Amino acid sequence: MAWLAIITAGLCEVFGVTMMNRWQNEKKFSMIVWLIVSFALSLALLSYAMNSVPMSTAYAVWTGLGASGGALIGMIFFGESKNWKRILFITMILVSAVGLKLIS
Amino acid sequence: MNKHWSIVLLAVLFEVIWVIGLKHSHSIWAWGGTAFAVVFTFYLLLLAGRFLPVGTVYTVFTGLGTAGTVMAGVLFFDESLSIAKVLLLAILLAGVIGLKTVTSHDAKEGDA
């Protein structure tokens with residue numbers, strides 16, 4: 001159950017970032033509401049998961065899922081650059097952020 | 001350092017403040033300040049997303065937020081600084097600087 005919660009939390013985070021993207025295009029107030037709801041749900045699920053999964057592991061998986069998902073959605077649906085250098089630098093940031101969360 | 005990246009850095013600063021706040025708030029004022037920092041962080045992220053790709057903004061925000069909380073832990077809360085931590089922080093910063101360099105060519109400015 002805890003792992004299901006972490007994965008769902010990661011997906012909620014990706015959804016929140018997608019709403020951030022849509023807000024830039026549409027400026028509808030409902031986007032902000034969805035953004036708040038999805039990030040709040042994401043953090044609630046994360047803290048629930050931390051009851052049974054070690055905090056550093058839970059945090060690392062959540063960060064990795066959310067930020068890589070957000071970047072992928074940007075490239076696939078919102079026309080963000082797929083330049084290999086950009087992908088390399090995003091990967092460097094993600095790998096080191098996940099590593100730091102695992103050992104902290 | 002241009003204006004739009006400064007907005008992202010300011011968001012990171014407020015993120016570090018509220019992450020510390022979540023752990024160490026004990027009074028109603030501290031909790032109020034923490035809540036304000038959360039709201040202000042997201043306001044800044046949305047603002048930065050007007051000028052820079054949202055995927056870039058969010059990755060930099062996540063990465064530097066992690067680096068900032070690790071540094072705050074070491075500086076203010078007596079957490080240890082290992083070689084592995086220093087190495088990962090260096091890779092992270094190199095990634096952020098690299099991303100900033102390539103983003104100046106494909107930033108949203110102008111094609112909005």
Side-chain angles (χ1 to χ4, degrees), chain A residues 13-14 16-25 27 31-32 35-36 38-40 43 46-47 55-56 59-60 62-104, chain B residues 19 22-23 38-39 41-43 45-74 77 79-103 105-108 111-112:
Chain A
E13 197 190 353
V14 174
V17 179
T18 308
M19 288 303 115
M20 251 182 223
N21 249 319
R22 288 190 59 193
W23 161 257
Q24 306 305 337
N25 302 331
K27 301 281 180 217
M31 303 296 165
I32 302 290
L35 182 124
I36 293 167
S38 55
F39 273 102
L43 290 173
L46 179 65
S47 70
M55 191 169 123
S56 54
Y59 224 139
W62 178 78
T63 300
L65 273 180
S68 54
L72 280 175
I73 297 267
M75 287 180 217
I76 297 169
F77 296 108
F78 296 96
E80 289 181 8
S81 164
K82 296 184 202 57
N83 180 309
W84 70 269
K85 285 184 197 154
R86 181 171 186 264
I87 295 172
L88 172 73
F89 293 133
I90 287 178
T91 309
M92 280 165 69
I93 297 172
L94 281 173
V95 168
S96 45
V98 168
L100 281 169
K101 282 180 168 151
L102 280 176
I103 61 173
S104 292
Chain B
V19 171
L22 286 181
K23 222 182 197 173
V38 172
V39 173
T41 300
F42 278 91
Y43 167 75
L45 283 183
L46 287 171
L47 194 61
R50 269 165 61 186
F51 312 108
L52 297 165
V54 172
T56 297
V57 170
Y58 196 71
T59 311
V60 170
F61 170 73
T62 303
L64 286 182
T66 306
T69 45
V70 168
M71 291 309 293
V74 171
F77 300 102
E79 284 168 26
S80 65
L81 187 63
S82 59
I83 293 172
K85 270 188 197 175
V86 175
L87 202 66
L88 289 171
L89 285 170
I91 297 172
L92 201 157
L93 289 181
V96 171
I97 293 165
L99 197 53
K100 182 182 184 301
T101 324
V102 295
T103 307
H105 302 292
D106 55 20
K108 278 182 177 176
D111 67 354

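To find a chain, count down the sequence lines: A is the first, B the second, and so on, and within it residues start at 1. What you are looking at is a predicted structure, and each value in this text was computed from that prediction instead of being measured.
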Open item on the list: Any side-chain to backbone donor/acceptor pair from A:Ser81 onto A:Asn83? Under 3.5 Å, distance only.
Closed with: yes

Open item on the list: Which one wins on heavy-atom pair count under 4.5 Å against chain A: B:Gly55, B:Gly73, B:Gly95, B:Ala90?
Closed with: B:Gly95

- [ ] Give a yes or no answer on whether the side chain of A:Glu13 reaches the backbone of A:Phe39 with a donor-acceptor pair at less than 3.5 Å.
- [x] no

Open item on the list: Can you classify the ring geometry of B:Phe61 versus B:Tyr58 as parallel (below 30°), tilted (30 to 60°) or perpendicular (above 60°)?
Closed with: tilted

- [ ] Answer with side chain, backbone, both or neither: which region of A:Leu72 has an atom nearer than 4.5 Å to a non-hydrogen atom of chain B?
- [x] neither

TODO: Establish, from distance only, whether the side-chain atoms of A:Lys101 and A:Thr63 form a donor-acceptor pair under 3.5 Å.
DONE: yes

- [ ] Could you have a look at B:Val96, B:Val57, B:Leu46, B:Thr62 and say which one has the most heavy-atom pairs with chain A under 4.5 angstrom?
- [x] B:Leu46

Open item on the list: Quick check on B:Thr56 against chain A: is it the side chain, the backbone, both or neither that has a heavy atom closer than 4.5 Å?
Closed with: both

Open item on the list: To the closest 0.5 Å, what do you measure between CH2 (A:Trp62) and CG (A:Leu46)?
Closed with: 6.0 Å

- [ ] Name the region of A:Ile32, side chain, backbone, both or neither, that has any atom closer than 4.5 Å to a heavy atom of chain B.
- [x] side chain

